[in-house]
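Worksheet: one structure, shown below.
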Amino acid sequence: MSVLRVGNASGFYGDRFSALREMLTGGPLDVLTGDYLAELTMLILGRDRLKNPDAGYARTFLRQLEECLGLAHERGVKIVTNAGGLNPAGLADAVRALADRLGIPVRVAHVEGDDLTAAHPGTLAAHAYLGGFGIAACLRAGADVVVTGRVTDAALVTGPAAAHFGWEPAEYDRLAGAVVAGHLLECGTQVTGGNYAFFRDGDVRRPGFPLAELHADGTSVLTKHDGTGGFVDVGTVTAQLLYETGGARYAGPDVTARLDTVRLTQVGPDRVRVEGVRGEAPPPTLKVGLNRLGGFRNEVAFVLTGLDVEAKAALVREQMEPVLGKVSDVRWDLVRTDRSDAPTEETASALLRLVVRDADQEAVGRALSGAAIELALASYPGFHVLAPPEKGAPYGVFEAAHVPQDTVDHVAVLHDGRRVPVPAARDTAVLAPVPEPPLPEPLPPGPVRRAPLGLVAGARSGDKGGDANVGVWARTDDAWRWLAHELTTDRFRELIPEARDLTVTRHPLPHLRALNFVVEGILGEGVAAQARFDPQAKALGEWLRARHLDIPEALL
């Protein structure tokens with residue numbers, strides 16, 4: 001059958017507003033997807049729904065669609081999005097109302113069954129990650145727009161691919177290839193040069209959004225529309241492939257994709273072939289994201305300028321102690337951004353960051369802000385703060401649970417109102433680690449030089465609940481021979497002191513010349529809790545690349 005061209009126009013709730021139009025007008029497409037959901041987004045939408053039961057979906061999508069629905073209809077492009085969030089039926093109705101108002105004959109379907117909030121008391125939102133066959137059922141029945149709630153990000157691609165090519169649930173290799181393509185597309189411009197370690201390799205001032213040319217055998221070519229910014233090469237694809245992943249087995253509701261089988265080949269300018277992906281039966285359970293309100297938090301950053309920075313920090317900590325003794329969670333961080341004999345006041349200053357969390361809003365609100373501001377004329381010389389503390393804002397906590405696949409009522413609600421149950425996976429397999437793959441021969445001994453890791457390796461990092469992953473890859477075979485033996489879990493802990501007392505697991509991926517590290521618990525209770533300076537671990541990989549170690553001179 002023909003190639004299926006699937007594009008992406010959103011990697012998160014708040015992504016480039018014009019992307020939908022850019023993708024529809026930039027070149028040929030068959031399906032345009034939009035990923036609007038993340039762990040934090042589900043919490044935000046949950047709070048929206050508390051205020052208004054009819055809310056709970058990404059309203060930005062409707063505004064984008066108002067100016068682009070006609071374009072999609074004229075070009076015959078199907079739209080598949082998880083912008084339905086906590087209320088896919090509500091967004092589907094809103095799209096129908098929009099289409100009627102614009103006079104555009106559009107068939108709208110939606111997928112539901114992911115909402116398990118009622119079964120998890122105390123949560124603001126509890127949603128199972130569904131697969132792509134509900135989307136496929138909607139498309140096979142003739143839908144032009146398919147709205148979902150919490151499906152896996154890759155399902156936005158596996159669903160259209162299964163519908164177009166007629167794949168059955170047991171065609172694991174084909175489905176796994178689509179899962180990998182979906183994972184590469186899900187974060188939009190991150191695969192076209194955005195957030196890329198070697199960003200100076202191309203012009204990334206305004207990267208174009210990506211698309212995948214999928215084939216019936218599950219292989220694909222990652223590319224972008226001609227004339228758009230950014231670039232697509234083996235490096236950008238490798239970086240996104242490692243993003244927010246764990247071991248070699250990448251589990252999903254429809255299939256477990258083997259990341260250790262992926263092979264990437266540059267086949268032209270801005271064109272990377274993705275092939276060789278093997279698939280296995282999915283696990284017997286579905287992941288469920290649990291979001292709940294954890295309490296209230298507040299923060300203040302004291303500016304410490306010039307001499308005696310540590311003594312100044314000690315003074316203000318001692319002055320704040322009486323009020324902080326009543327707070328359940330207190331974190332101080334002294335960030336030494338100051339320089340000796342600095343040419344500007346800002347570069348002569350350090351930051352003392354105080355973050356507090358408690359179930360009582362008053363304890364972290366007025367009591368804290370009053371104590372901090374009362375020090376304005378009674379503390380260290382040069383006292384000031386970046387901004388006054390506020391009344392205390394609610395924070396969320398994310399946890400992952402798992403439920404048997406057959407306990408979730410996955411339903412495709414077709415454009416004509418018919419409800420089609422989507423059966424759970426018939427064959428499943430419990431996840432198990434893959435055997436350690438053979439490593440390349442190490443480089444022969446030779447002179448070394450103390451230098452940053454990032455001179456010879458790229459990295460990309462991200463979050464999964466309270467854990468973080470850091471994918472590190474080498475750009476050459478020789479660099480891989482060195483990296484595979486040098487960057488052990490012990491060396492990782494040396495370079496990232498925050499991980500010294502945490503569980504760190506290393507997953508080698510030789511076909512990608514890559515190592516993927518999973519650091520358990522480094523993000524506390526997840527991004528919504530904001531317990532860490534970089535709560536989503538977005539820059540953890542760049543910190544690692546900036547660390548110095550002995551690198552063979554032959555690689556530099």
Side-chain angles (χ1 to χ4, degrees), residues 180 184 190-191 193 195-202 204 222 231-243 245 247-248 258-277 434-461 469-496 499 504-518 540-556:
V180 169
L184 292 171
Q190 271 199 171
V191 78
N195 300 353
Y196 182 51
F198 304 106
F199 63 95
R200 290 183 293 181
D201 285 357
V204 296
L222 258 290
F231 59 100
V232 180
D233 65 15
V234 168
T236 66
V237 174
T238 299
Q240 178 56 26
L241 189 58
L242 295 171
Y243 182 63
T245 58
R258 288 287 297 265
L259 299 184
D260 56 342
T261 64
V262 179
R263 295 180 182 272
L264 306 176
T265 307
Q266 195 82 37
V267 293
D270 296 321
R271 294 179 64 80
V272 174
R273 180 182 292 123
V274 184
E275 58 191 343
V277 188
V434 302
E436 183 82 8
L439 297 178
E441 288 294 319
L443 285 180
V448 297
R449 187 192 317 161
R450 199 76 177 167
L453 173 63
L455 295 183
V456 296
R460 177 164 285 166
S461 55
N469 93 290
V470 185
V472 186
W473 76 95
R475 305 186 85 183
T476 66
D477 289 338
D478 281 348
W480 168 238
R481 291 173 62 188
W482 171 78
L483 183 72
H485 296 277
E486 174 65 23
L487 196 56
T488 62
T489 54
D490 286 342
R491 180 74 75 214
F492 183 94
R493 288 190 181 95
E494 290 177 14
L495 297 173
I496 304 296
V504 179
T505 307
R506 185 180 101 146
H507 302 281
L509 300 168
H511 290 327
L512 301 175
R513 297 189 299 223
L515 303 169
N516 196 24
F517 294 88
V518 177
L540 188 58
E542 285 301 290
W543 178 24
L544 178 66
R545 293 182 68 237
R547 297 307 308 270
H548 289 224
L549 64 173
D550 294 331
I551 299 176
E553 288 190 353
L555 302 179
L556 297 173

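Quick note: numbers below take in every heavy atom, side chains included, and nothing from hydrogens, waters or symmetry partners.
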Is there side-chain contact between W482 and P442, with at least one heavy-atom pair below 4.5 Å? no

Could you give me the CA-CA distance, side-chain angles and deciding distance for L515 and L483, then say whether side-chain contact (heavy atoms from CB on, under 4.5 Å) is met? CA-CA 8 Å; L515 303 169; L483 183 72; 4.0 Å; yes

Would R449 and D550 pass as an ion pair if we require N to O under 4.0 Å? no

What distance do D233 atom CG and D270 atom CG have between them, rounded to the nearest 0.5 Å? 8.5 Å

Has the side chain of Q240 got a donor or acceptor atom that lies under 3.5 Å from a matching backbone atom of R460? no

In Å and rounded to the nearest 0.5 Å, what is the OG1 to CG distance from T238 to L264? 5.0 Å

Side chain proximity check, V518 to V504, heavy atoms < 4.5 angstrom: no

Evaluate the side-chain proximity of L439 to H485: yes if any heavy-atom separation is below 4.5 Å, no if none is. yes

Can you tell me how the ring of F517 sits relative to the ring of F492, calling it parallel under 30°, perpendicular over 60° and tilted otherwise? parallel

Taking the side chain as every heavy atom from C-beta outward, state whether R271 and L222 have any pair of such atoms under 4.5 Å apart. no

Answer yes when R481 and E441 have at least one side-chain N-carboxylate O distance shorter than 4.0 Å, and no when they do not. no

If you look at every heavy atom in R491 and L487, which pair is closest and at what distance? CG-CD1, 4.0 Å

Any side-chain heavy atom of R258 sitting closer than 4.5 Å to one from V434? yes

Could you check V277, L241, L242, L512 and say which one makes a side chain to side chain contact (heavy atoms under 4.5 Å, CB included) with L259? L241

Does the side chain of P452 reach to within under 4.5 Å of the side chain of R545, using non-hydrogen atoms? no

Contact between P269 and F231 at the side-chain level, heavy atoms closer than 4.5 Å - yes or no? no

Given V274 and L184, is the side-chain contact (heavy atoms from CB on, under 4.5 Å) satisfied, shown in steps? CA-CA 10 Å; V274 184; L184 292 171; 3.9 Å; yes

Closest heavy-atom pair, G541 versus V470, reported as atoms and distance to 0.1 Å, is CA-CG1, 3.9 Å

Looking at T505 and T489, what are the two nearest heavy atoms and their distance? C-CG2, 4.4 Å

If you measure from CD1 on I496 to CG on L544, what distance do you get to the nearest 0.5 Å? 4.5 Å

Taking all non-hydrogen atoms of both residues into account, name the closest pair between A459 and E542 and its distance. O-OE2, 4.1 Å

Would you mind reporting whether R513 and D477 have side-chain heavy atoms less than 4.5 Å apart? yes

Let's go through V272 and V267 carefully: what are the C-alpha distance in whole Å and the side-chain angles of both, what is the deciding distance for side-chain contact (heavy atoms from CB on, under 4.5 Å) to 0.1 Å, and is it a yes or a no? CA-CA 6 Å; V272 174; V267 293; over 6 Å; no

Would you tell me whether T245 and N516 have side-chain atoms, one donor and one acceptor, within less than 3.5 Å of each other? yes

What I want to find out is whether R506 reaches D490 closely enough, with some N-O distance under 4.0 Å, to be called a salt bridge. no

About how many Å separate NE2 of H511 and CG of D260, when rounded to the nearest 0.5 Å? 7.0 Å

Spacing of L495 atom CG and R493 atom CZ [to the nearest 0.5 Å]: 12.0 Å

Determine the interplanar angle of the W473 and Y196 rings, folded into 0 to 90°, and report it as parallel if under 30°, tilted if 30 to 60°, perpendicular if over 60°. parallel

Do you know which two heavy atoms are closest between V232 and Q266, and how far apart they sit? O-NE2, 3.2 Å

N195 to Q190 - nearest heavy-atom pair and separation: ND2-OE1, 3.0 Å

R450 side chain to H548 side chain, donor-acceptor N/O pair below 3.5 angstrom: no

